[in-house]
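Working notes for the structure below.
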Amino acid sequence: SAYDESIRTPLLVRWPAQVRPGTCDALALNIDLAPTILDLAGLPVPAAIHGRSLRPLLAGSTPADWLGSFFYQYFKERNFQSPTVLATRTNQAKLIHYPGHPEWSELFDLAADPYETRNLFADPAQAALRERMQAEHDRLIKTLDFRMPAAVAAD
């Protein structure tokens, strides 16, 4: 699923000489680990590698241009009951779509509802949030050149 309990993993780093104690809640992805290791080793990060070094976060600062959202995808597996899921998460909200099932769409205000218990997708009072999140979702799909794999689309 695209709920935080499934997609977010705490990253714990202990390096007393370099990493300040405390919590950083900036968005970071598993694709940021390789650039971070290369950066910390003093090696160049190849252009083909996705992600960014987490070094600034480890030093206690979040750059102004830091990741503000990410795109999530899970493709249905034939032996399991989980459907294909596409989602966009920001620090404040999450939009979840289930291709082929628009009636299942979900929208969460993570600031007001961090445990994602109230689906706001059909709430007329949340139309502006839904539109902002849909625009960000569409932007990420275009930026990533995301295409549904033919094998998944056929299911």
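This chain uses plain numbering: 1 for the first residue, then up along the sequence.
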Taking the side chain as every heavy atom from C-beta outward, state whether [X] and [Y] have any atom pair closer than 4.5 Å.
X      : Y      : value
Leu129 : Glu131 : no
Leu38  : Pro46  : yes
Tyr74  : Ser6   : no
Leu40  : Trp15  : yes
Met148 : Leu86  : yes
Lys94  : Asp4   : yes

### Query
Minimum heavy-atom separation for Ser1 to Ile7, with atom names?
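That closest heavy-atom pairing would be O-CG2, 3.6 Å.
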
### Task
Specify the closest pair of heavy atoms between Ser53 and Pro56, including all atoms of both residues, with the distance to one decimal.
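That would be O-CD, 3.5 Å.
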
### Message
Would Arg89 pass as a cation-pi partner of Tyr72, given that its NZ or CZ must be under 6.0 Å from the six-membered ring centre and within 45 degrees of the axis?
### Response
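Not satisfied by the 6.0 Å and 45° rule.
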
Assigning hydrophobic clusters by single linkage (Ile, Leu, Val, Met, Phe, Trp, Tyr; side-chain heavy-atom cutoff under 4.5 Å), is [X] placed with [Y]?
X      : Y      : answer
Leu107 : Trp104 : no
Leu33  : Trp66  : yes
Val45  : Leu54  : no
Ile141 : Phe75  : yes
Leu140 : Leu67  : no

### Task
State whether a side-chain donor-acceptor pair under 3.5 Å links Thr88 with Ser69.
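Side chains of Thr88 and Ser69: no pair found under 3.5 Å.
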
### Message
Under a 3.5 Å cutoff, is there a donor and acceptor pairing between the side chains of Glu106 and Tyr98?
### Response
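The answer is yes; a qualifying pair exists.
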
[atom1] of [X] to [atom2] of [Y]: how many Å apart, nearest 0.5 Å?
X      : Y      : atom1 : atom2 : result
Leu120 : Met133 : CG    : CE    : 11.5 Å
Leu27  : Asn91  : CG    : CG    : 4.0 Å
Thr90  : Leu95  : OG1   : CG    : 10.0 Å
Tyr3   : Phe108 : OH    : CZ    : 5.0 Å
Leu57  : Thr62  : CG    : OG1   : 5.0 Å
Asp109 : Asn119 : CG    : CG    : 12.0 Å

### Message
Would Glu136 and Arg139 count as a side-chain contact (heavy atoms from CB on, under 4.5 Å) here? Give the steps.
### Response
CA-CA 5 Å; Glu136 182 63 7; Arg139 184 191 73 78; 2.7 Å; yes

Backbone N/O of [Y] and side chain of [X]: donor-acceptor pair under 3.5 Å:
X      : Y      : result
Asp113 : Leu110 : no
Thr84  : Lys76  : yes
Arg14  : Val19  : no

### Query
Does the pair Gln134 and His97 meet the rule for a side-chain contact (heavy atoms from CB on, under 4.5 Å), with working shown?
CA-CA 10 Å; Gln134 186 62 56; His97 287 302; 2.7 Å; yes

### Message
Applying side-chain contact (heavy atoms from CB on, under 4.5 Å) to Ile31 and Phe70, what does each step give before you reach the verdict?
### Response
CA-CA 11 Å; Ile31 61 173; Phe70 67 86; over 6 Å; no

### Query
Relative to each other, are the rings of His137 and Phe71 parallel, tilted or perpendicular (30° and 60° limits)?
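Ring orientation, 0 to 90° scale: tilted.
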
### Query
Does the distance from a Lys or Arg side-chain N to an Asp or Glu carboxylate O, for Arg52 and Asp65, drop under 4.0 Å?
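Looking at Arg52 and Asp65, the cut-off is met.
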
### Task
Using the side-chain contact (heavy atoms from CB on, under 4.5 Å) rule, take Arg55 and Thr36 through it: C-alpha gap first, then chi angles, then the decisive distance, then the call.
CA-CA 6 Å; Arg55 180 178 235 158; Thr36 301; 5.6 Å; no

